[in-house]
2 protein chains.
Amino acid sequence: MISKAMEDYLKTIYKLEREGRGEPVGTGALAEALAVSAPSATGMLKKLAELHLVEHNPRRGVTLTPAGEKVALEVVRHHRLLESYLKEALGYDWDAVHEEADRLEHLVSDELEARMDAALGYPTVDPHGDPIPTREGVMPAAASRPLATLAGGESGLIGRVSDADPAKLRYLAGLGLFPGVALTVLETLPFNGPLRVRVGHDPGAPEHLLGRELAADIFMRAEDPAGASG
Amino acid sequence: MISKAMEDYLKTIYKLEREGRGEPVGTGALAEALAVSAPSATGMLKKLAELHLVEHNPRRGVTLTPAGEKVALEVVRHHRLLESYLKEALGYDWDAVHEEADRLEHLVSDELEARMDAALGYPTVDPHGDPIPTREGVMPAAASRPLATLAGGESGLIGRVSDADPAKLRYLAGLGLFPGVALTVLETLPFNGPLRVRVGHDPGAPEHLLGRELAADIFMRAEDPAGASG
DNA sequence: CCCTGAGTTTAGCCTATCCTAACGAAGTAT
DNA sequence: ATACTTCGTTAGGATAGGCTAAACTCAGGG
């Protein structure tokens, strides 16, 4: 049986693999991300390796096997469908959905998953712009171009905002910055200085200053001539 | 901390107290209802007693304390709100909601509870006609008159149908029998024989034969001249 | 070539919950 | 009154997960 704890490990390994550009995930990084001690992580990795859900090269790191990745993607799918459902159907604020979804994601049955999916009209991204894996376990591409890489004058649509910090999400929402919104970078100040951005293209639209930490949470996608999915 | 397991024990003790007309609940009955061994129940009762959530008179039985009853009612409220929400908002069949709600009931936050409650328009009964405890921990009266106590010719509204057996619920729904439906008992056959019932009062309405086991799951309330809550 | 330090693993233990087997108490029947 | 039967409790142990302390590995500096 795959327990809730195992699902959490697999999900987190998946996330760290994504962030880490392919290298195996270290025990320490995993333990920290899960807020457990390193020995606890080692112990669980052994169990997961026995179930062929991860490949564990002692002292070198872990990688998900295809089976493990499938489980991870199911959990991520449940998480993101829940986030979407809580926001769209129950009126949650976008900064509040992550925590709630984390608690519920391990208990979503196939039936509930299917009904939420249908009620939402088969969404492809969650409220933060993160792509929702398909039922078959395919993760669509995510918006991955950091806002700070846009040159002055360049513009695009906000594709995704990291869901890690509710306070940042509230702040950004207060500025009108969330996925789907058009953004123009007016100026990128040197020495890791702030970005001057304009919401939309219109010269009269509101402008804001974003520090680098905040900007790092925002990922852009190309402006879409034929306004597509929501 | 009150664990999920503890909540399950408290909920079950509450249910058995209700069914058992006030006598303390026996360890064996509790263990059986929870599908655990008697020693497991004894052990948990000790812990619950230490937390002052139950009063455990060894070898005599358990009773909920007011604090324990409060916890039990919260769990029941979550369960019944979930059942209602799954049916009304997500289109679940009424025989499928119980199992799903059992899994989710321990993870419902105050926020989620409030939002489901509001989305449903502050319902007072769940899809089986069971009353939903208030946020303050008050359990409204349930329809408690067994169908079989109606004399021939007497009629009333179905107030509640026991949610224990999905197969029975499906069968009854197939006959058009669920809470709120008017029912007339045409005849009660002797020696625990079946009941002849008519759906509604109209002489042309469909009639059915219900065995005693099935009839025992149905509880009636008085016909309400001014059609009230739904 | 050894030493040191970062990071990982092993060893040993804790808590929660469950189990089976054996014991004890309380009521029933002779 | 004594023995049987039923039910609950104690005793002892398993499993899942987590923790701290100590040992190990390996890469890089001396």
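Not measured: the values here are computed from a predicted model. Sequence lines set the chain letters: A, B, ... in the order given, protein chains first and strands last, and positions in each chain run from 1.
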### Query
Is the shortest side-chain N/O distance from B:S40 to OP1 or OP2 of C:dC19 below 4.0 Å?
yes

### Query
Which part of the nucleic acid, if any, lies within reach of A:A38 when heavy atoms closer than 4.0 Å are counted: base, sugar-phosphate only, or nothing?
base

### Query
From the list D:dT10, C:dC18, D:dA21, which nucleotide is the closest neighbour of the side chain of A:P39?
D:dA21

### Task
Examine D:dC19: is either OP1 or OP2 under 4.0 Å from a nitrogen or oxygen in the side chain of A:S37? Give yes or no.
yes

### Phosphate OP1/OP2 of D:dC7 contacted by B:T27 side-chain N/O (<4.0 Å)
no

### Query
OP1 or OP2 of D:dG18 sitting under 4.0 Å from any side-chain N/O of A:Y9?
yes

### Query
For B:G26, which contact category applies under a 4.0 Å heavy-atom criterion: base, sugar-phosphate, or nothing?
sugar-phosphate

### Query
According to a strict under-4.0 Å criterion, is A:T42 in side-chain N/O contact with OP1 or OP2 of C:dT10?
no

### Task
Calculate the interatomic distance between A:D8 atom CG and D:dG18 atom P; express it in whole Å.
9 Å

### Query
Between C:dT15 and B:K47, is there an OP1 or OP2 to side-chain N/O distance shorter than 4.0 Å?
no

### A:L34 CG to D:dC19 C1', straight-line distance once rounded to whole Å
15 Å

### Task
For B:I2 and C:dT17, give me the distance from atom CD1 to atom C1', rounded to whole Å.
17 Å

### Query
Between B:T63 and B:P24, is any pair of side-chain heavy atoms under 4.5 Å apart?
yes

### Message
In whole Å, I'd like the distance from the CD atom of B:E7 to the P atom of C:dT17.
### Response
11 Å

### Task
In whole angstrom, give the distance that lies between atom CD of A:E50 and atom P of D:dG17.
12 Å

### Message
Just checking B:E111: does its CD atom have more than 12 heavy atoms from other residues, nucleotides or ligands closer to it than 6.0 angstrom?
### Response
yes

### Message
Does a side-chain N or O of A:H56 approach OP1 or OP2 of C:dT8 to a distance below 4.0 Å, or not?
### Response
no

#### Entry: Atom-to-atom span, CG of A:L45 to P of C:dT9 - whole angstrom
7 Å

### Query
When you check the side-chain N and O atoms of A:H98 and A:H79, is any donor under 3.5 Å from an acceptor?
yes

### Message
Minimum heavy-atom separation for A:I13 and A:V25, please, with both atom names.
### Response
O-CG2, 3.9 Å

### Query
In terms of side-chain heavy atoms of A:V36, which of D:dG17, C:dC19, D:dC19 is nearest?
D:dC19

### Task
Can you see which heavy atom on B:W94 is nearest to which on B:P179, and at what distance?
CZ3-CD, 3.4 Å

### Task
Whole angstrom is fine here: how far is it from CG in A:L30 over to C1' in C:dG7?
14 Å

### Task
Using only side-chain N and O atoms of B:K46, determine if any of them is under 4.0 Å from OP1 or OP2 of D:dT10.
yes

### Selection from D:dG8, C:dT10, D:dC24 that lies nearest to any side-chain heavy atom of B:R59
D:dG8

### Query
What is the distance, rounded to the nearest whole Å, between atom CE of B:M6 and atom P of C:dT17?
5 Å

### Query
Any luck finding a side-chain donor-acceptor pair between A:E100 and A:Y92 under 3.5 Å?
yes

